[in-house]
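Below you'll find the structure, written out as structure tokens, and then a few comments.
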Amino acid sequence: NNESFYGKRTVTDFLHRSRYELYDLQNDPDESVNLAGKAELKPVFDKLAAKLKAFQVRTRDPWLVKYEHE
């Protein structure tokens with residue numbers, strides 16, 4: 001295997017990430033297991049997503065446009 005690594009992930013995996021990411025940093029400090037799709041964590045994900053969007057609105061983030069296309 002000729003793949004380079006960035007931390008515990010391959011460079012390819014690091015560059016081509018999932019649309020959403022959620023990690024348990026205490027149990028997975030290397031961010032190896034993406035928990036964003038876990039049904040039991042949906043309330044946590046939804047709360048954090050709302051906080052992110054509020055921050056983007058407050059800071060006039062130019063990436064707010066992405067919500068128009070979701």
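Sequence positions, counted from 1, serve as the residue numbers for this chain.
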Whether Tyr20 and Phe45 hold their rings parallel, tilted or perpendicular, with breakpoints at 30° and 60°: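 Geometry flag for Phe45 against Tyr20: perpendicular rings.
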Looking at [atom1] of [X] and [atom2] of [Y], how far apart are the two atoms once the value is rounded to the nearest 0.5 Å?
X	Y	atom1	atom2	result
Thr10	Glu3	OG1	CD	4.5 Å
Asn27	Asp30	CG	CG	12.0 Å
Asp61	Lys53	CG	NZ	12.0 Å
Thr12	Phe5	OG1	CZ	9.5 Å
Lys51	Gln56	NZ	CD	13.5 Å

Could you tell me whether the side chain of [X] and the main chain of [Y] form a donor-acceptor pair under 3.5 Å?
X	Y	result
Ser18	Glu21	no
Arg9	Glu31	yes
Asp24	Asp28	no

Crowding at CZ, Phe55 (>12 non-hydrogen neighbours, <6.0 Å): no
Linked, directly or transitively: Tyr67 and Val57 (ILVMFWY side chains, under 4.5 Å): yes
Contact summary for Lys8 and Ser32, nearest pair of heavy atoms: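 So the two residues come closest at CB-OG, 4.0 Å.
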NZ or CZ of Arg17 within 45° of Phe14 ring axis and under 6.0 Å: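 Satisfied, under 6.0 Å and within 45°.
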Can you give me every donor-acceptor pair (side chain of residues 37-44, partner residue at least two apart or in another chain, under 3.5 Å) with its distance?
{"from": "Lys42", "atom 1": "NZ", "to": "Asp46", "atom 2": "OD1", "distance (Å)": "3.2"}
{"from": "Lys42", "atom 1": "NZ", "to": "Asp46", "atom 2": "OD2", "distance (Å)": "2.8"}

Side chain proximity check, Asn34 to Tyr23, heavy atoms < 4.5 angstrom: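 Yes - at least one pair of side-chain heavy atoms lies under 4.5 Å apart.
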